[in-house]
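For reference, the structure is listed below as structure tokens.
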Amino acid sequence: MGFVDSFKQNFIEQDRWHYLANGLGTTLLITFFSVLIGMVLGFIIAIVRFTHDKTGKMKVGNFICRIYLTVIRGTPVVVQLLIIYFVIFASVPISKIFVAIIAFGINSGAYVAEIVRSGIASIDDGQFEAGRSLGLNYRQTMISIILPQAFKNVLPALANECIVLLKETSVSGYIAVQDLTKGGDIIRSQTYSAFMPLISVAIIYLVMVVVLSHFVTKLERRLRQSDRR
Amino acid sequence: MIDVKGLKKTFGDNEVLKGIDEHIYKGEKVVVIGPSGSGKSTFLRCLNLMEIPTEGTILFEGSDITHANDRDINLMRRKMGMVFQHFNLFPHLTIKKNITLAPVKLGLMTQAEADKKAEDLLERVGLPDKANSFPAMLSGGQKQRIAIARSLAMNPDVMLFDEPTSALDPEMVGEVLELMKQLAEDGMTMIVVTHEMGFAREVASRVMFMADGYIMEQNTPKEFFENPQNPRLREFLSKVL
């Protein structure tokens, strides 16, 4: 079977391309919202952990955060996804996509937290002192002075985390979410041809990653403005 | 204005300040000199609680700041400007933003008022064309002048200088000292930790010598440099002069 025929069979017949298009939409939806959750969670945890290390306050918060980090980073994301779907939300009628968003968000939060914490720790203590010496309180100093610089420093690492997350959502199929990967796989199971749908899926992921990386590079360049001499 | 009683500070097993009693009056220009490790920077940093004293009390404008809550400490710091050895400008903000950040965030001025104030201050420190530059574009001397302007934007009652010229290339020391001299002439109360003996002699109303965690000797600059009593001070002066 030629390339054109194969293409027709896998994508045109019975509108099979819908599997990919809808799957892509689902993948993007899951990625977008889990990145949001991950960032919010990660920043909160990083700030709690840093505040504890710096001031000795928030002992309980720090303890909870450390358990969270250990558990999430010590277990595979697929297992977490399965547990959240089949154990935690077992008896709750709930959208699978929502479960995937929660699972990947919680997972990503742990990695974001450590990235952000290292970013905060990399800021010179003098920045903190300068802020405090002007009469700003801990919070104001954090928000106006420390976090913007920390964010800038860890932006490449955070972008990398987003890219990892985008690809990680491909295991959503384990709880029967029809994401991009699952979409390609469904086509494969219908047409009995693996090459065309799976390579297409791979190319779509690749394009998204390349585009994302491009935007990050642009953003980084903008943020570097203040370093220009 | 600042009243220090029985001030002690210990880092781990290392007792850096071993008991300091001192008054600093309004309008004074106190210069603190001494060998490194003598505790002079720690003494200065205790005054605005950048370091928390282990023992003793500090009264600022009549109120005890060593036993104050966080809110009162922050209010006290508004009135005590601090200039650091390494400038500590905020690298992610423009010069103007560096100066206006605190007054605006603390609700003391609107952005427009603060901008006006920043322009005046930049004029005063001789860098009016740098408002929209970023710190990385400036020389060390310019950075330190901006750091001084940033402190002045809070209209402080007293300015603390922690070795303000120690991190500068020699040719930039002069411009910073000149600005500090102007500030002194305008009547600002200043406490300066420095190794610049010329500045101490010329600008100080009182010079203090610290060693081993004590204030060993203090006097008017003339007496201090021409007729030192303490043997440690004599030794120190013979090395630095």
Side-chain angles (χ1 to χ4, degrees), chain A residues 43 46-48 50-59 115-116 118-158 216 218-229, chain B residues 44-45 47-52 69-95 97-108 132-139 143 146-147 150-156 159-162 167:
Chain A
F43 267 87
I47 291 167
V48 169
F50 179 79
T51 304
H52 172 266
D53 291 350
K54 189 166 176 74
T55 63
K57 290 175 191 163
M58 306 184 107
K59 280 208 171 62
I115 292 171
V116 173
S118 73
I120 297 174
S122 74
I123 303 300
D124 183 59
D125 216 31
Q127 291 292 309
F128 212 85
E129 291 188 348
R132 298 306 302 274
S133 79
L134 289 165
L136 298 174
N137 62 30
Y138 183 87
R139 218 183 114 132
Q140 292 164 327
T141 308
M142 262 324 218
I143 291 173
S144 310
I145 297 166
I146 306 299
L147 287 180
Q149 296 184 57
F151 180 70
K152 193 176 111 178
N153 287 356
V154 299
L155 191 65
L158 284 179
V216 170
K218 258 190 154 167
L219 183 60
E220 262 185 85
R221 209 174 298 149
R222 264 198 61 189
L223 285 170
R224 255 207 310 271
Q225 218 174 43
S226 61
D227 296 338
R228 227 182 274 150
R229 282 161 191 280
Chain B
L44 192 77
R45 289 164 56 82
L47 295 181
N48 67 346
L49 300 186
M50 284 288 122
E51 304 291 351
I52 305 298
N69 58 32
D70 286 351
R71 205 176 144 268
D72 289 337
I73 290 173
N74 291 329
L75 288 174
M76 167 276 286
R77 284 182 179 146
R78 295 182 191 183
K79 298 275 116 204
M80 273 203 221
M82 185 165 216
V83 175
F84 300 88
Q85 182 176 355
H86 296 289
F87 332 125
N88 298 346
L89 293 182
F90 308 132
H92 61 302
L93 300 176
T94 62
I95 296 308
K97 270 275 175 191
N98 262 274
I99 297 173
T100 60
L101 176 76
V104 173
K105 280 269 173 257
L106 294 171
L108 304 175
N132 296 313
S133 306
F134 283 96
M137 302 169 178
L138 304 186
S139 72
K143 281 184 199 169
I146 297 298
R150 180 176 68 179
S151 290
L152 290 175
M154 295 295 294
N155 296 319
M159 291 277 284
L160 311 176
F161 292 84
D162 189 3

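So that the names make sense, note that chain A is the first sequence line, chain B the second, and so on, each numbered from 1. Basis for what follows: all heavy atoms, side chains included, without hydrogens, waters or symmetry-related copies.
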Who wins among Leu101(B), Leu49(B), Leu160(B) for the most heavy-atom pairs under 4.5 Å with chain A?
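Result: the option with the highest number of such pairs is Leu101(B).
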Using a 4.5 angstrom heavy-atom cutoff, name the option from Leu75(B), Asp70(B), Leu89(B), Ile73(B) with the most pairs to chain A.
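Option with the top pair count is Leu89(B).
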Does any heavy atom of chain B fall under 4.5 Å from the side chain of Gln127(A), the backbone, both, or neither of them?
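Both backbone and side chain.
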So does Gly126(A) get a backbone contact from the side chain of Asn88(B), meaning a donor-acceptor N/O pair under 3.5 Å?
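Yes; judged by distance alone, with no hydrogens or angles, the pair exists.
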Which atoms form the tightest heavy-atom contact between His92(B) and Pro148(A), and what is the distance?
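Heavy atoms of His92(B) and Pro148(A) come nearest at CD2-CB, 3.6 Å.
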Do you know the tightest heavy-atom contact between Asn48(B) and Ser133(A)?
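The pair with the smallest heavy-atom distance is ND2-CB, 4.1 Å.
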Toward chain A, the part of Met80(B) with a non-hydrogen atom under 4.5 Å:
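It is the backbone, since no side chain atom gets that close.
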Does anything in residues 127-146 of chain A pair up under salt bridge (charged side-chain N to carboxylate O under 4.0 Å, His left out), and if so which pairs, sequence neighbours excluded?
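Salt bridge (charged side-chain N to carboxylate O under 4.0 Å, His left out) check on residues 127-146 of chain A returns Glu129(A)-Arg45(B).
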Which value, rounded to the nearest 0.5 Å, describes the distance between [X] atom [atom1] and [Y] atom [atom2]?
X: Gln149(A); Y: Leu93(B); atom1: CD; atom2: CG; value: 7.5 Å
X: Asn74(B); Y: Thr141(A); atom1: CG; atom2: OG1; value: 8.0 Å
X: Lys105(B); Y: Asn137(A); atom1: NZ; atom2: CG; value: 11.0 Å
X: Ser144(A); Y: Phe90(B); atom1: OG; atom2: CZ; value: 8.5 Å

With Phe128(A), which residues qualify under ring pair (Phe, Tyr, Trp, His ring centres under 6.0 Å), at least two apart?
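Once residues adjacent in sequence are excluded, the partners of Phe128(A) under the ring pair (Phe, Tyr, Trp, His ring centres under 6.0 Å) criterion are Tyr138(A).
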Would Leu136(A) and Leu106(B) count as a side-chain contact (heavy atoms from CB on, under 4.5 Å) if you check the C-alpha gap in whole Å, the side-chain angles of each, and the deciding distance to 0.1 Å?
CA-CA 7 Å; Leu136(A) 298 174; Leu106(B) 294 171; 3.9 Å; yes
Would you check if Leu134(A) and Met154(B) make a side-chain contact, meaning some heavy-atom pair closer than 4.5 Å?
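Result yes, sub-4.5 Å side-chain heavy-atom pair found.
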